[in-house]
Engineer: 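Have a look at the structure that comes next, please.
All values derive from a computational prediction rather than experimental measurement. Protein chains get the first letters and strands the later ones, always in sequence-line order, with residue 1 at the start of each. Heavy atoms only: backbone and side chains are in, while hydrogens, waters and symmetry mates are out.
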4 protein chains.
Amino acid sequence: MRKKEGDKQTAILDAAVQVFQREGFAGAQVAAVAVEAGIATGSVYLYFKGKDAILDGVFERFWCKVLERIEGLPATEPKDQLADQLGAFFDSLSEDRALAEVYLHEHHSFLARKSGVGFDAFARCVSLGEEVFSRGVKSGQFDKGISVSLGRAFVFGGVRASLEFWLSQDSLSAAQVRKRTLRMALSALTPRGLA
Amino acid sequence: MRKKEGDKQTAILDAAVQVFQREGFAGAQVAAVAVEAGIATGSVYLYFKGKDAILDGVFERFWCKVLERIEGLPATEPKDQLADQLGAFFDSLSEDRALAEVYLHEHHSFLARKSGVGFDAFARCVSLGEEVFSRGVKSGQFDKGISVSLGRAFVFGGVRASLEFWLSQDSLSAAQVRKRTLRMALSALTPRGLA
Amino acid sequence: MRKKEGDKQTAILDAAVQVFQREGFAGAQVAAVAVEAGIATGSVYLYFKGKDAILDGVFERFWCKVLERIEGLPATEPKDQLADQLGAFFDSLSEDRALAEVYLHEHHSFLARKSGVGFDAFARCVSLGEEVFSRGVKSGQFDKGISVSLGRAFVFGGVRASLEFWLSQDSLSAAQVRKRTLRMALSALTPRGLA
Amino acid sequence: MRKKEGDKQTAILDAAVQVFQREGFAGAQVAAVAVEAGIATGSVYLYFKGKDAILDGVFERFWCKVLERIEGLPATEPKDQLADQLGAFFDSLSEDRALAEVYLHEHHSFLARKSGVGFDAFARCVSLGEEVFSRGVKSGQFDKGISVSLGRAFVFGGVRASLEFWLSQDSLSAAQVRKRTLRMALSALTPRGLA
DNA sequence: CATGAATGAGACTTCATTCAT
DNA sequence: AATGAATGAAGTCTCATTCAT
């Protein structure tokens with residue numbers, strides 16, 4: 001797990017994801033992260049202010065990547081675009097099991113701080129999602145009886161839970177879970193009674 | 001002898017929910033729980049083996065209550081029964097904001113232990129949900145292209161996220177969130193293309 | 001291990017010996033002594049002021065018994081009488097393995113307090129031993145080059161160690177160890193050069 | 001990096017001996033040992049796994065020193081060599097009153113663990129003593145009617161008791177007690193009837 | 001006398017963070 | 001910049017003792 005000497009910040013984040021997954025954030029020791037990153041304990045503090053900042057760093061990197069993907073998506077039909085957005089979120093986590101577990105267990109404490117570059121990226125992702133949702137509502141593709149933020153929260157939560165499910169089993173592949181999850185997500189937002 | 005005054009076990013659980021909400025489980029001190037419960041620190045250990053056991057106790061009480069509600073539901077149409085089950089889950093949390101927050105933040109560590117009376121109750125709730133889902137799939141009400149456990153996970157996660165949303169805002173009442181959430185949940189599982 | 005209801009003090013002492021042997025004095029809980037004695041924790045404090053007092057009680061009972069035996073010995077030749085005294089000490093411990101272990105491990109803390117009925121009995125035993133030793137020195141049976149109290153301490157310590165040895169093995173019976181130990185003890189005090 | 005300043009391990013052991021003597025092992029606080037050693041409480045745990053390990057460390061150092069002395073003794077007549085061995089043991093303790101008291105009070109708990117470098121050194125000392133004893137028995141200098149291990153235990157215990165005696169008084173010097181003790185020890189093992 | 005639930009001071013130990021090198 | 005030994009505050013849990021019943 002020796003990282004390129006040139007990027008200790010990255011090495012620390014990678015190490016942190018591994019250690020946080022194994023021990024949980026609360027149970028993880030900064031010294032263990034340092035060992036995993038192949039550097040000295042004290043060096044961690046040259047790159048991060050403290051333990052919390054490492055977790056923030058993990059999610060900052062994550063959300064910036066997701067944001068990048070989402071912003072790179074072509075503007076298509078609301079339904080398709082929303083599916084692409086949720087898919088990007090799903091993929092960003094399913095590509096890294098350790099990160100996915102850390103997300104499931106520790107993301108709430110990241111959100112609680114409500115500030116920082118990472119939080120802004122997160123908020124922007126949410127915002128982009130809600131924009132697409134709004135467009136869909138206007139065009140009648142999405143149920144207008146659901147508040148936009150509630151709808152966004154619901155499908156987001158559903159995707160999150162699907163990931164958790166995927167991690168817990170071996171029968172379904174990430175692709176299978178992804179496909180079914182997106183179908184459910186869109187279905188959830190689609191007005192019923194309508195064909 | 002000094003008799004058991006009232007119900008200290010209950011008092012501790014109630015206190016724990018408050019303290020865990022305020023400080024988070026990791027940040028909460030057993031001494032603070034004791035103060036909140038109006039007893040001495042050491043007394044907590046007469047009722048719970050340790051700090052972890054208190055958290056287990058909180059969720060054991062929660063899931064046993066949910067299970068009781070769910071088992072008390074009449075056997076109706078799969079769609080209705082599933083809505084009732086998810087509603088019971090939603091209600092059990094929306095009735096107690098502090099418990100809801102503790103649920104959102106700490107439930108994963110409860111699940112990680114995978115044992116105890118509380119876990120059994122949780123597993124039974126999951127099981128009951130999947131049974132209803134299965135029935136619905138057979139009767140054609142639910143999409144048969146979704147694996148039962150994935151579908152259950154998705155809607156469960158959606159409801160969880162709706163609760164989180166509800167806690168974060170003031171515009172929508174619990175009843176409103178509940179109603180829309182259940183509609184989304186059922187929609188998610190309903191085959192599309194069907195009228 | 002239920003004791004006669006009439007003598008809880010005795011029951012507590014008997015129980016204490018068992019528990020102190022198993023756990024050591026420091027590791028023993030008063031509650032465990034109470035359980036072993038078949039009474040309530042609080043009741044212990046009706047008979048003993050505290051945990052220390054129980055240990056004192058154990059050794060008080062022990063030394064009073066030893067004193068009784070020693071005082072009951074006939075006045076004979078110093079060599080024989082000293083052997084009888086040491087034998088009485090040895091027997092009082094070898095008759096009760098648990099007590100012997102407690103003696104070996106905890107007697108020093110009993111002595112450190114230097115007061116109480118038990119300590120007086122102990123001091124009297126020592127004194128009686130030294131008297132006989134002195135007589136033996138005068139009559140030339142014992143080495144006059146050894147200070148009386150040092151000689152007494154040495155043989156006492158030797159007997160103590162023999163007991164410890166006896167507890168640690170199974171080849172030699174108590175009687176065998178006793179016999180050889182007394183021979184060594186007398187030999188230790190007998191002037192040499194008389195070869 | 002902060003280099004190891006001096007020898008903290010040694011400082012801790014020295015401090016521990018003082019504190020254990022004053023308070024007894026059970027009553028001693030790790031914090032007090034740290035203060036006595038002039039370091040922070042937490043630093044103790046950089047050198048020792050826990051409180052028990054400190055006590056083990058004290059006796060490990062002690063027995064290794066005794067072993068070194070004993071192994072350095074010239075091979076002479078069994079009587080002389082045994083006297084030298086016991087003398088080395090006596091000296092190692094009489095040179096440090098605090099250590100002697102700790103030995104008297106806490107050595108049994110060290111032995112109870114029956115493992116570690118210190119225990120091996122102890123066992124080796126015992127073994128060397130028994131070898132010499134055996135040789136003496138074969139050459140007729142020592143009483144063949146005493147089991148080797150019992151004889152070793154007896155004289156060992158006698159020396160231990162003499163040390164305890166020496167600590168308790170002021171009339172006899174260490175040298176005087178030593179001389180008389182060794183005479184008694186050898187006498188104890190010498191066959192009688194050879195009068 | 002008897003009970004045993006309750007108490008709460010106190011100890012061990014951990015670990016995020018610092019800083020001399 | 002890098003190191004890792006040192007720090008010391010803080011928290012969990014124990015258990016001798018008390019006292020209301």
Side-chain angles (χ1 to χ4, degrees), chain A residues 5 8 23 25-35 37-54, chain B residues 1-6 8-9 23 26-35 37-54, chain C residues 5 8-9 23 25-35 37-54, chain D residues 1-6 8-9 12 23 26-35 37-54:
Chain A
E5 291 305 326
K8 289 206 174 137
E23 321 284 350
F25 177 73
Q29 295 176 216
V30 173
V33 173
V35 168
I39 61 175
T41 305
S43 301
V44 172
Y45 290 83
L46 296 173
Y47 298 91
F48 294 93
K49 188 169 183 187
K51 200 183 172 188
D52 283 355
I54 302 175
Chain B
M1 72 169 179
R2 204 174 287 182
K3 238 182 294 177
K4 281 192 198 174
E5 298 150 13
K8 294 229 164 87
Q9 175 131 348
E23 322 284 351
Q29 295 177 214
V30 174
V33 173
V35 168
I39 61 174
T41 305
S43 301
V44 172
Y45 292 86
L46 293 176
Y47 296 91
F48 297 94
K49 189 168 184 184
K51 200 182 170 189
D52 282 355
I54 302 176
Chain C
E5 292 304 326
K8 288 203 174 140
Q9 175 133 349
E23 320 285 350
F25 177 72
Q29 295 177 216
V30 173
V33 172
V35 167
I39 61 175
T41 306
S43 301
V44 172
Y45 290 83
L46 297 173
Y47 297 92
F48 294 94
K49 188 170 183 187
K51 200 183 172 188
D52 283 355
I54 302 175
Chain D
M1 73 168 178
R2 204 173 285 180
K3 237 182 295 176
K4 281 192 199 176
E5 299 149 11
K8 293 229 165 89
Q9 175 133 347
I12 293 169
E23 322 283 351
Q29 296 177 213
V30 173
V33 173
V35 168
I39 60 175
T41 306
S43 301
V44 172
Y45 292 84
L46 294 175
Y47 296 91
F48 296 93
K49 189 169 184 183
K51 199 183 170 188
D52 282 355
I54 303 176

Engineer: Does E:dA6 have OP1 or OP2 under 4.0 Å away from a side-chain N or O of B:Lys8?
Structural biologist: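 For B:Lys8, the contact criterion (side-chain N or O under 4.0 Å from OP1 or OP2 of E:dA6) is met.
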Engineer: Figure out the CD/C1' separation between B:Gln29 and F:dA9, and round it to whole Å.
Structural biologist: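 Distance check: B:Gln29 CD to F:dA9 C1' gives 12 Å.
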Engineer: Regarding D:Ala28, tell me which of base, sugar-phosphate or nothing describes its non-hydrogen contacts under 4.0 Å with the strands shown.
Structural biologist: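 Sugar-phosphate: the residue D:Ala28, judged by heavy atoms under 4.0 Å, touches backbone atoms but no base.
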Engineer: Whether D:Ser43 contacts F:dT7 is assessed here as follows: a side-chain N or O lying under 4.0 Å from the phosphate OP1 or OP2. Is that the case?
Structural biologist: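 Yes, such a contact exists.
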Engineer: Is a donor on one side and an acceptor on the other found under 3.5 Å between the side chain of A:Lys51 and the backbone of A:Phe25?
Structural biologist: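 Flag set: sc A:Lys51 to bb A:Phe25 pair under 3.5 Å.
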Engineer: Between F:dA16 atom C1' and B:Leu46 atom CG, what is the distance in whole Å?
Structural biologist: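 Rounding to the nearest Å, CG of B:Leu46 and C1' of F:dA16 are 14 Å apart.
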Engineer: Between E:dT13 atom P and B:Lys51 atom NZ, what is the distance in whole Å?
Structural biologist: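 My rounded result for the distance is 19 Å.
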Engineer: At under 4.0 Å, does any side-chain N or O of A:Tyr47 touch on OP1 or OP2 of F:dA1?
Structural biologist: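 No, no such contact exists.
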Engineer: Return the value, rounded to whole Å, for the distance between atom CD1 of D:Ile54 and atom P of E:dA11.
Structural biologist: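 Going from D:Ile54 (CD1) to E:dA11 (P), I get 15 Å.
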Engineer: Starting at CD of B:Glu23 and ending at P of F:dA10, how long is that distance when rounded to a whole Å?
Structural biologist: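 It works out to 14 Å between those atoms.
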Engineer: To the nearest angstrom, how far is A:Tyr45 atom OH from E:dA16 atom C1'?
Structural biologist: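 Whole-Å distance recorded here is 4 Å.
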Engineer: Measure CZ/C:Phe48 against P/F:dT18 and give the value in whole Å, please.
Structural biologist: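 Nearest whole value for this atom pair: 16 Å.
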